[in-house]
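Proteins come first, then strands; the chains are lettered A, B, ... in the order of their sequence lines, and each starts at number 1.
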Amino acid sequence: MVTNMPSSTVQYKAKDYKSDVHPDWCPGCGDFGIVNCIQQAMAELQLVPSQVLMYSGVGCSSKTPHYIKTYGVHTLHGRSLPFAIGSKLANPDMHVVVAGGDGDGYGIGAGHFLNAGRRNVNLTYIVYNNEVYGLTKGQASPTLKLGMQPKSLPLPNPNDGVNPLAIAISAGYTFVARSYAFDAKHLRETLKLAIQHKGMALVDVLQPCPTYNNLHTKDWYGEEIEIEGMKYPRTYHLAEKGYDGKVQDPRNEDEIAEKKMQALAKVQAREPQIPLGVFYQIELPDFLERVKPNIPLLQQYTSAKMPIEDANHIPTTDLKDAYAEVRTDTY
Amino acid sequence: MVTNMPSSTVQYKAKDYKSDVHPDWCPGCGDFGIVNCIQQAMAELQLVPSQVLMYSGVGCSSKTPHYIKTYGVHTLHGRSLPFAIGSKLANPDMHVVVAGGDGDGYGIGAGHFLNAGRRNVNLTYIVYNNEVYGLTKGQASPTLKLGMQPKSLPLPNPNDGVNPLAIAISAGYTFVARSYAFDAKHLRETLKLAIQHKGMALVDVLQPCPTYNNLHTKDWYGEEIEIEGMKYPRTYHLAEKGYDGKVQDPRNEDEIAEKKMQALAKVQAREPQIPLGVFYQIELPDFLERVKPNIPLLQQYTSAKMPIEDANHIPTTDLKDAYAEVRTDTY
Amino acid sequence: MEITNQFSWMIGGPQGTGVDSSATLFIRACAVAGLNVYGKREYHSNIMGEHSYFQVRVSETPVNSHVDPVHLLATFDDETAHIHAHEVVPGGYFFYDETVTKLEKIEIHPEVKTLALPYAQILQEVAAETGQPLAKLQIMKNTIAVAASLALTGFEIKYIEKALMGIFTGSKAKLVPMNMKVAERAYQFIQENVTERFPYRITSVPGAPPRMLMNGTTAVALGKLKAGCRFQSYYPITPASDESVYLEGHPEYGVNVVQCEDEIAAMCMAVGAALTGVRAGTSSSGPGFGLKAEGLGWAGINEVPVVVLNYQRGGPSTGLPTRHEQGDLLYSIFIGHGEYPKIVLAPGDMSQCFYDAFNAFNYADRYQTPVIIVPDKALANNTASIELFDESGLRIDRGKRASDEYLAELASKPEYQGQYHRFNNSEDGISTRALPGQEHGIHWYTGDEHDTLGHITEDPETRIMMHSKRMRKLQTALKEIPQDQQYMLFGPENADYTIVTWGSCKGPILDALPILQSDGISMNVLQIRMMSPFPVDGVTRILERAKVKIGIEQNFTGQLARLVRMETGIKMDHLVTKFTGRPMSETEIVAALREIANKKTEKVVLTYGH
Amino acid sequence: MEITNQFSWMIGGPQGTGVDSSATLFIRACAVAGLNVYGKREYHSNIMGEHSYFQVRVSETPVNSHVDPVHLLATFDDETAHIHAHEVVPGGYFFYDETVTKLEKIEIHPEVKTLALPYAQILQEVAAETGQPLAKLQIMKNTIAVAASLALTGFEIKYIEKALMGIFTGSKAKLVPMNMKVAERAYQFIQENVTERFPYRITSVPGAPPRMLMNGTTAVALGKLKAGCRFQSYYPITPASDESVYLEGHPEYGVNVVQCEDEIAAMCMAVGAALTGVRAGTSSSGPGFGLKAEGLGWAGINEVPVVVLNYQRGGPSTGLPTRHEQGDLLYSIFIGHGEYPKIVLAPGDMSQCFYDAFNAFNYADRYQTPVIIVPDKALANNTASIELFDESGLRIDRGKRASDEYLAELASKPEYQGQYHRFNNSEDGISTRALPGQEHGIHWYTGDEHDTLGHITEDPETRIMMHSKRMRKLQTALKEIPQDQQYMLFGPENADYTIVTWGSCKGPILDALPILQSDGISMNVLQIRMMSPFPVDGVTRILERAKVKIGIEQNFTGQLARLVRMETGIKMDHLVTKFTGRPMSETEIVAALREIANKKTEKVVLTYGH
Ligand SMILES: Cc1ncc(C[n+]2csc(CCOP(=O)(O)OP(=O)(O)O)c2C)c(N)n1
Ligand SMILES: Cc1ncc(C[n+]2csc(CCOP(=O)(O)OP(=O)(O)O)c2C)c(N)n1
Ligand code: SF4
Ligand code: SF4
Ligand SMILES: [Mg+2]
Ligand SMILES: [Mg+2]
């Protein structure tokens, strides 16, 4: 897939990925920024809309597919990954992109989130991280830190916040990045990298929820902070600081170990600024590549297109050999 | 709690923790070793049997509570942690110890496993890691590595194996250790440390399943391996190599970061030998300590013992203030 | 002709802009003045911007439902005007904001009076007068709408002040005077601009008893508190989470409310807590309730007292997540593989929500089994002025518990042999229960079939004993639970028509009864409150002598009617259903029952309301 | 008196020591000789050591069940002897290992003949003769037990050889001669030690048609393969996983079998796959099935064809996880909050397992909705010799699909407006379905109520349209699905008694019918195969003319009887149930029906078997 094509081949513009449905997010919601970037990234990658399957769970963020003019599937709370994995495995010709909330993905969906890391299915997972359960009125999400109390909480949060990037790296995700909803350029470029990545990609996107999260607002993210008397922006870009999370030689176990530790150190580092960018990336065989040697027909067809009947609708599956195993006249 | 008490106070012997139920595990199963060590650890800690609540999920390993003569709860597949957390929060006077399989804990239970890290409830979780689903006849568990094919699998494993210790450290467990079912002394001592730890403790126990896992057998674990011409045992003890995973000053953020990174590096290190021991430990306020400031009655009573009725069974809860909020004659 | 104290008011606007607060003020003002109130709340699955509205019915006599006709509609936005203006009756009023709504584009009855409320102007005046920044006053548009509406009906302004004092308490009390200034302007505006007297009047009812403004989630929470529930685990979901958030917001009662990672954990955590002796509950709605299936079955086979709420909303799947439906009855009764005793309660009004929640913990403890309560969204989210709860009869029943003394005595007997038998057989199906931590009470629990100690068994004879023992508890419960907690018959003993219903449908039906009575149609109403175990005998007795039987409920397939037929063999002759996600109104019920009485229509599907 | 080709054999021993292989050899040998066979398998939730046994019935005429009396019991261990020796009939035989079993301690009828099989000695002899290490031969104890058993009945040894050749194929073929040596010794031992001729004889049936040895999980897997199912997701659970493991073990058919992290994922993954057009399924048992509730509802509202198996086992909760029960009927029908159309099929024998699995994919595609199949453990794990499947009538029906040409044409029309409407209204409730990837087919899915494009709506009118459209599919299905796939009536059209049953109970009932007939009791049997939509008219017609109605099923509450009453109002006059976790035998059915015929007993609870 090519990112920068000569303008003569540009067929789809960002607006071609906009559906007719009007987003019903609150004014100022970070979700607007994310959807714009998804549409722009798709346009810049010239993804054919009918070849894209946009998935989501349930939550404010999970309304995303309805606003994007590709095939869209708004699933169940916490279950977007298994649905999306089913689609991708059965029809790998589709680009599968999954969007959803932090509650959806790291809370109720945590088991799928973790286990998806073991499969390296070739899809992109974008988590809108607003530290709250938006659609159910602002309860703490799993990323909200211990002791914090956004205005929607009757009591301070008694749970620690989870570090989703650390989990993803440990769980086996082969592309792990963070971006910010209102850093349009960075987010767009990160999404493009994630979509182009072959394997399971996670993009955790910091997302202001002006309605319920009064702690980490757009202003807060935009604020300059003081470090030893100097002013710095709240967020910074890893790449600009020379950080390179990509494993160059996926067969080099030493490089892998080194890059993984570097990434784990970085995502857990105690720095006043928030780093954005790709923490870790490696290209490894994806799930289908792993199973194809054992299921010869999958080398020839996708599951979705495997022929099963003839023109007269007679099943083409010949069970002779299977019957032979149980027939009493075969020996 | 004291580990070595003068013999005059020794009241319970290991056999006092044995129930009348005969374990029905296969001959040579590592589970026997683990249960023995649990009973020994309890005896050495002189836990009063009626003050112990032994939990489990479902699987071969999860039959454990029936073999131990304390209160025992054999729950549902994958759900031991939420059950156990409910009991511990409601009655913190009980010692809560949870046992279960790797499929139970890291597969279907992964969401609970991950999210439990955020709560730091004061209990001990022992996972019997045999890389298979024993009780359902040997399918791959989440710890089985990519491409492996124990004899019970029709095809090689297309999933990566998860590293549960890395996940636990990232998820917030405050005690993370590994031991081996047939290294009785090490396992017993590790269990004692885990039970004594205040907070959420994980002990992942390597467990041979002679029936289904023909790759990592007792022999395999016991084998010497050759490294650069020298023979070494397959497993070694971290503590003997001078490794210290314990955070000495839990208020020292730098020490925490350093010890955590050390632990993550160690659990993911590419070494031919398998390290056993405590990778990481820190003492932090547990969940109840976090909520007590906000729920004053919990400072006085455990939930289990909170009085709710008088001698005539009249409810003692006075709703006057709550009614006042909704009564039409209060202003 | 003037109509006094029979009023139907509606306010609408984009979600998150004050519709709910307006309704709260209106409701409270009327209630403070001694009137009965019933408020119906409708909103989208959205946080801000989508259309929402509140319909409030005011009456001197008790009311349990809304009616379709609107006497006065107050709007902030154009969408509400478009959607609802046609509902205003001739002679009624339509308040609008002329900066957003063009009258000529609105479908409205020609005899409806229209009046543009000068929201902005009033706020500017008050801002100027008080020196407050205008932005801070914006939220008081609500007060304008409410005050103007009440002014039109001749309502005394002092009750608005009292209502404001009830709403803004503590540090917020300082907001009362500012709001009153706004209210006074609105009153003044109406007096100056409405010359013809509005025929719908609201006047205070002197000496009316104090009441509570109650919705179902609060009523359940209060019932739980009273019952001594001290552990609640939950996962957020509409409309159930309001109940948990209420408990979280009242930490002084000592409930440890744990927000879990999902509903499976919430269920299992509640059971784990319940095992230690604390009264524990968990609350959810359809999607989350389904995830509790396995935990419910475990509690069933292990005889654990635990209370589970399923606030029904529009299904299937995510469905209509903020809308009303009674679609989960059969699911709630049959949830969980295999068979285990469960008690299923269906409250029909806010008070029953309280009493059922209270009783549920007694039943759970007494029968040592899970109790499921299935309110519906109309109960959960609507508001009614109700009588104060009668606490005098409330007693805590913790069931058969093994005291330390009992266990010590047991342990001293030779038969004990070091073993306490948690699951001993008994005639009523209930065994004596020890708790973890008790010295001589060690026992086991398992999801597998087990022996009396709680150890796994596959022995067929023990199986028969245990399974029968557990299921027998349903018979015991059916015998012991007071009849009126199982079902209630309203109206005359004998009538030409017998209505069979459940849940919030009871409200509009009871309100419709006198109207139909005055039509000469005699009806009585059987409300079924306990769905499992089903009160077969009582229901059969009533239905056998019923002449024409009409099922009324809010789902597609007529689930209660199906259940009644399964349990008694008796089929409803007629069915009235609705599945638009909106609750039934008194108006609709009256029309449906007239149609059945007059035209013998077999099935009436109601559709009114947005 | 000699009885030929009516034989009941049992073998038992600790789990994991060869009981299953013995039974396989015995069954295959008899089947190869042209006999009909039915094998019942019983085992603990344990991998090694607990008691398990296999009971095999052999008959010249077709058999569909086991009987209680045992003619010959072969044991390896003492536990089996203790548990089962009393079941051997007078005149029968008991084979045991005298190194472990002391005869005097065994409860056994005095007229039973006993014989100690010299397992060790035979193996030693063969080891000596062949030079093979003794340890390697241990497993051939099985062959000794089987060969000795068959020798006693006069069975020709050549069929044992044929059976071994069928079992040991490919690289294992070399095991045949060694096993035959062992078998010959066992034959010789019997000839030398049994002087009195055993009255139960097994002789080959020349010219018998070829049959298949089938259990339910294999039959379902074969039906799925034939139907073109090419995606299966699952999470291991007994007894369901055998089906998935079978598919995994046959990768040549191209099924991608994904072992998931849990059953929620398995369900959602199957739905995600099905959305792309592949025929997809997922299989589980009670505990896991319950976790699929939400995914099922989602598939229902999104009209996704997907096939879900719930192999019922003993409940509630973990219950009796390796035992038999039919406890999930009502749960399977009502699973999921809210209401959505689901088709629920209950096969009654191994062949129906195959055809139902095949048809399920057609129904799923045609009605664009989930299909649930609920076999029971007796079907899943027992083995029957059955006729070859008749494939001649099998056709694939993918339902209303939008071809690329159709979409291109649609897109060229002005009404299209850039939008394909996935969920258009239609008379039969079924819309035309495009698949992701099709150029002009872009559309959306959501668990929320939606418009024809698949976008969320809360509009009440669209809701009515959509909900009615979906539910209407059940009527369409009821009209179109062939009647014999909905229910079957066995026996005379008119009879004194009509039995209503489902699932594996059909087997022993059909076997009992001729016996009762010879008693002079005339009975017919209504097997209900489609539980939802329920064949109300057909069942009503049959039951209305039935004289005495008897429900027979394996659960505590009589779930089918309850369902029939819910759907038709008709109550069973009698109920025969069993809930020990063991399937009903022909013997038990005969006794129960005689008791009902003679004593009018209202409810008979069966209890036989360990
Ligand atoms: C099984 C289930 N439980 C609960 C819900 C209710 N629910 C809807 S959205 C949501 C949380 C949304 O939070 P998040 O995923 O962070 O998304 P956000 O709204 O913040 O974008 C919940 C709990 C549900 N739909 N299904
Ligand atoms: C919800 C649910 N799904 C599946 C099962 C079936 N099951 C029983 S044990 C088990 C796996 C056991 O594996 P593990 O947890 O690793 O324990 P082990 O037997 O290896 O000790 C499974 C899948 C179940 N009981 N419940
Ligand atoms: S509640 Fe928060 S996340 Fe949801 S739409 Fe509003 S601002 Fe966005
Ligand atoms: S199957 Fe494996 S884990 Fe289970 S009891 Fe046997 S040896 Fe142990
Ligand atoms: Mg969120
Ligand atoms: Mg395991």
Side-chain angles (χ1 to χ4, degrees), chain C residues 44-45 285-287 289-291 293-294 297-298 300-302 310 312 314-323 325 327-328 330-331 333-340 446-449 456 458 460-461 463-464 467-468 471 555-557 562-563 565-566 569-571 579-582 607 609-610, chain D residues 44-45 285-287 289-291 293-294 297-298 300-302 310 312 314-323 325 327-328 330-331 333-340 446-449 456 458 460-461 463-464 467-468 471 555-557 562-563 565-566 569-571 579-582 607 609-610:
Chain C
H44 274 74
S45 175
S285 295
F289 175 67
L291 291 169
E294 225 191 329
W298 195 93
I301 199 169
N302 283 293
N310 175 17
Q312 298 168 90
S317 196
T318 312
L320 295 165
T322 60
R323 307 291 179 177
E325 194 170 272
D328 302 353
L330 294 169
Y331 186 38
I333 296 174
F334 296 115
I335 192 166
H337 59 282
E339 295 159 299
Y340 61 97
T446 171
D448 288 66
E449 191 54 275
I456 303 173
E458 304 194 18
E461 282 172 36
R463 160 69 169 182
I464 294 174
H467 200 20
S468 309
M471 296 304 281
N555 51 56
F556 191 93
T557 54
R562 285 160 70 76
L563 180 66
R565 196 172 192 203
M566 171 186 272
I570 298 171
K571 193 183 172 187
F579 50 87
T580 60
R582 277 62 172 183
T607 61
H610 190 84
Chain D
H44 273 74
S45 177
S285 295
F289 176 66
L291 290 169
E294 225 191 329
W298 195 93
I301 198 170
N302 283 292
N310 175 16
Q312 298 166 91
S317 197
T318 312
L320 295 165
T322 59
R323 305 291 178 179
E325 194 170 273
D328 302 353
L330 294 169
Y331 186 38
I333 294 174
F334 296 115
I335 192 166
H337 60 281
E339 294 159 301
Y340 61 97
T446 171
D448 288 67
E449 191 55 274
I456 302 173
E458 302 195 19
E461 282 172 37
R463 160 67 169 185
I464 295 174
H467 200 20
S468 309
M471 296 304 281
N555 52 56
F556 190 91
T557 55
R562 284 161 69 78
L563 179 66
R565 196 172 191 204
M566 171 187 274
I570 298 171
K571 194 183 172 188
F579 49 89
T580 59
R582 277 62 171 184
T607 61
H610 189 83

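- For C:F289, no part lies near chain D; criterion is any non-hydrogen pair under 4.5 Å.
- Separation of atoms CG (C:N555) and NE2 (D:H467) is listed at 8.0 Å; rounding is to 0.5 Å.
- Between chain C and the residues D:G581, D:P460, D:G609, the largest count of heavy-atom pairs under 4.5 Å involves D:P460.
- With chain D as the partner, the residue from C:T607, C:L291, C:T557 showing the most heavy-atom pairs under 4.5 Å is C:T557.
- Taking both residues in full, the closest heavy atoms of D:S317 and C:I301 are given as CB-CG2, 3.7 Å, listed atom of the first, atom of the second, then distance.
- Between chain C and the residues D:G315, D:G290, D:G336, the largest count of heavy-atom pairs under 4.5 Å involves D:G336.
- Only the side chain of C:E325 comes within contact range of chain D, with heavy atoms under 4.5 Å apart.
- Interatomic distance, CZ of C:F334 versus CG of D:D328, reported as 12.5 Å (0.5 Å rounding).
- Between C:Y331 and D:H337, the ring-plane angle classifies as tilted under the 30° and 60° cut-offs.
- Residues D:P321 and C:D448 meet the side-chain proximity criterion, which asks for heavy atoms closer than 4.5 Å.
- Of the listed residues (D:G327, D:G319, D:G569), the one with the most heavy-atom contacts under 4.5 Å to chain C is D:G319.
- Both the backbone and the side chain of C:S45 come within less than 4.5 Å of a heavy atom of chain D.
- For C:I456, no part lies near chain D; criterion is any non-hydrogen pair under 4.5 Å.
- Ranked by non-hydrogen atom pairs under 4.5 Å with chain D, the options C:G300, C:G447, C:S468, C:G297 are led by C:G447.
- Atom CH2 of D:W298 is separated from atom OG1 of C:T318 by 9.5 Å, given to the nearest 0.5 angstrom.
- When heavy atoms are compared at a cutoff of 4.5 Å, C:R582 approaches chain D solely by way of its side chain, counted from C-beta outward.
- For the pair D:M566/C:L330, a side-chain contact is recorded, criterion being any heavy-atom separation below 4.5 Å from C-beta on.
- To the nearest 0.5 Å, atom CD of residue C:E458 and atom CG of residue D:L320 are 6.0 Å apart.
- Note: D:E461 CD to C:H610 NE2 = 9.0 Å, rounded to the nearest 0.5 Å.
- Considering only heavy-atom pairs separated by less than 4.5 Å from chain D, the leading option among C:P287, C:A293, C:G286 is C:P287.
- Neither the backbone nor the side chain of C:S285 comes within less than 4.5 Å of any heavy atom in chain D.
- Looking at D:T446, neither its backbone nor its side chain comes within 4.5 Å of chain C, counting heavy atoms on both sides.
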